[in-house]
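The structure appears right after this line, and notes come after that.
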Protein chains: 2
Amino acid sequence: MLVQFAKVARAMGNPHRLNLLELLAQGERSVEALAEAAGLSVANASQHLQVLRRNGLAVSRKRGLHVYYRLSGHEVPILLAALRRTAERHVEEIGRLVHGYFQARDALEPLSRDDLVGRLKEGSVTLLDVRPPEEFAAGHLPGAVNIPLKDLKRRLDELPAGTDIVAYCRGPYCVLAYEAVATLRACGRRARRMEDGFPEWRLAGLPVESAGGA
Amino acid sequence: MLVQFAKVARAMGNPHRLNLLELLAQGERSVEALAEAAGLSVANASQHLQVLRRNGLAVSRKRGLHVYYRLSGHEVPILLAALRRTAERHVEEIGRLVHGYFQARDALEPLSRDDLVGRLKEGSVTLLDVRPPEEFAAGHLPGAVNIPLKDLKRRLDELPAGTDIVAYCRGPYCVLAYEAVATLRACGRRARRMEDGFPEWRLAGLPVESAGGA
DNA sequence: CTACTATTCAATAAGTTTCTTGAATAGTGG
DNA sequence: CCACTATTCAAGAAACTTATTGAATAGTAG
C-alpha cells in the first residue's frame, strides 16, 4: 500500500512534473503545447507526462494527431495545494523566499474569493485576467477582461476608469497578478489582486466561462 | 520554488519514509523506537528521519541520550491524507487492493466520527483502542479501553457485555480495527469500527486523553 | 576517567531517475 | 498510397538514492 502512495509522491517529486501539473490545472492541453510552456523537449515532456499518467495524476485522450492531457480529478489540485502549504510552512529556504519576494508585495491588498464575489455582485469592480490568451480561452472568471501582463501598459484604456481593478492569475505562486497591480498603481489606477488564482476559483466550484462557449 | 516543493514531495516518495511519517503521526518517538516499529536498521532509520527533517516534514529534539522525532505541524497529516485520497482514487493497482481487501471488509459497518460523538454522549457504546500500549499511552480517545489486537481474545471479559463496541486504530489504512471487529463478532459481540483512526480524530480538534495526565 | 549507549556520519555498491538522441508508430491530407 | 506531423519508444551516459557497513560523536552512569 505504502509502496503505491510513495510512487504517487515520487511522481510529484520533480520540478518539471510539478510545473506540468500546474499547467494542467489551467485546463487540457496537447503534449506539444505543454512542452513549449514548460520549456522542455517534446520527447522529455512526453516522458514526464507519462509518469504523471502512470501514477494516476493525469489522463490523456487522443483527438486526431494530438494527445491531450488533463488532470485526473479534483483531488489532484487539492494535493498540490496541500504540498504547497506544507512546503511553505516548513522549509526555511522556501520560507525566506515567500516572506521576502512575496510578502514584500503583500501590501497589494489581496482580496479573498468571498469578498470578490460580493464586490462583483455590487458591480463595483473590474475583473482583470493577466494570463496569456490561451489560458484565458481555456477558462476564466465570468466577466473578466483578458489583458496579458506584457500588454497591460499599452492596453490600459480598455479598463474603465472609475472602478477598482482586481487582478488574478494562475495562483498563489504566480507573480503575474502582483506585477499587474504594481503596474496599474504606477499608472494611477486603483488596483488590488485576488488572493488565489483561476485554478482555486474553479476548485471552489464557482462559475467559470470559457472561449468555446461551454 | 517548484524545486523546493519537489524536494518535499520526494521526501515522501519512499515507502519507509511514509511509514515513519504515519508512525510519527501517532506521537513523538525516539529513533530506536521508530527503527524497531518500521523494521529498519537504526542507521537507516536515522538517515530516513534526517531526510524528513531536512525537508521540513519532521523535527527532532534531544533529551538525554535519545533523539525524539515528531511531525513538524498540522499540515503534514493533511498532506498525507491528500496523498492517500489521490492515490486511492486514481491508481488502479491501489484501487483493486482497496476494493478487494478493504472493501470486502466494509460490511464491518464503519461509524463516522460525528456519529460516534453522538453515541458516546448517549453512553450507548464501549470504545476500544486496539493499538499497542505505547501508542495508546501517547494519546487516545477519551474513555477508550486499550486492548491490543493480539490480546483481544484473552482479555475479552474486560469489555462490558451489554453495549455495542466501536474499535479504532491508526487510521484508514490500518487493519487493526478491521481484524478486531471480525474477532469480536466471531466471539458473539456486537462490534463496529470507527471510520478513521486516532490521528484523524486529533486532527479534527476533538478531545484527546494521554497517559501522562496531559 | 571509563565503559556504555543512542545517534549520526562516511564510504561504498547496487539500483533508479533523468535527459538526450534517433528511430518507430499512428493518424491526416492530398 | 505518400509525405507529413505529433507522439511515443529505446538505448545510453550522468547524476542521484538507497541499504549496509563500520567508525565517530555525544551524552550518562559508575
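All chains are named by letter (A, B, ...) in the order of the sequence lines, taking the proteins before the strands, and each is independently numbered beginning at 1. Just so you know, these numbers come straight off a predicted model, no measurement behind them.
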What is the distance, to the nearest angstrom, from the [atom1] atom on [X] to the [atom2] atom on [N]?
X: A/L20; N: C/dC19; atom1: CG; atom2: C1'; value: 14 Å
X: B/E32; N: C/dT5; atom1: CD; atom2: P; value: 11 Å
X: A/K7; N: C/dT17; atom1: NZ; atom2: C1'; value: 15 Å
X: B/N44; N: D/dT17; atom1: CG; atom2: C1'; value: 11 Å
X: B/K62; N: D/dG27; atom1: NZ; atom2: P; value: 5 Å
X: A/R53; N: D/dT8; atom1: CZ; atom2: C1'; value: 9 Å
X: B/L18; N: D/dT18; atom1: CG; atom2: P; value: 11 Å
X: B/H48; N: C/dT7; atom1: NE2; atom2: P; value: 16 Å

Where the side chain of [X] is concerned, which of [options] is the nearest nucleotide?
X: B/R10; options: D/dC16, C/dT20, D/dT7; result: D/dC16
X: A/Y69; options: D/dT7, D/dT8, C/dT7; result: D/dT8
X: A/S46; options: D/dT8, D/dA26, D/dA6; result: D/dT8
X: B/L65; options: C/dT8, D/dT28, C/dC19; result: D/dT28

Please classify the nucleic acid contact of [X] as base, sugar-phosphate, or nothing, using heavy-atom distances under 4.0 Å.
X: B/Y68; result: nothing
X: B/Q47; result: base
X: A/R63; result: nothing

Run the numbers on A/L116 and A/L127 for side chain to side chain contact (heavy atoms under 4.5 Å, CB included), then give the verdict.
CA-CA 9 Å; A/L116 177 59; A/L127 195 51; 4.0 Å; yes
Are B/R84 and B/E22 close enough for a salt bridge, meaning some N to O gap below 4.0 Å?
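Salt bridge present between B/R84 and B/E22.
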Need to verify one output field. Residue with the more 5' nearest nucleotide on DNA chain D, A/Q50 or B/H16?
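With A/Q50 and B/H16 compared, the 5'-side residue is A/Q50.
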Could you measure the distance from the NZ atom of A/K7 to the CG atom of B/N14? Nearest 0.5 Å is fine.
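Reported to 0.5 Å precision, the distance equals 12.5 Å.
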Would you mind telling me which residue lines up with the more 5' stretch of DNA chain C, A/L40 or B/A43, judged by nearest nucleotide?
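Its nucleotide being nearer the 5' end, the pick is B/A43.
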More 5' along DNA chain C: A/G64 or A/N14, using each one's nearest nucleotide?
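Looking at the nearest nucleotide for each, A/N14 comes out on the 5' side.
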Any idea which heavy atoms bring A/D129 and A/N146 closest together, and the distance?
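Minimum heavy-atom contact is O-ND2, 3.0 Å.
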Qualifying residue for side chain to side chain donor-acceptor pair (under 3.5 Å) with B/H140, from B/E209, B/R202, B/R131
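So, applying the side chain to side chain donor-acceptor pair (under 3.5 Å) to B/H140 and each of B/E209, B/R202, B/R131, only B/E209 qualifies.
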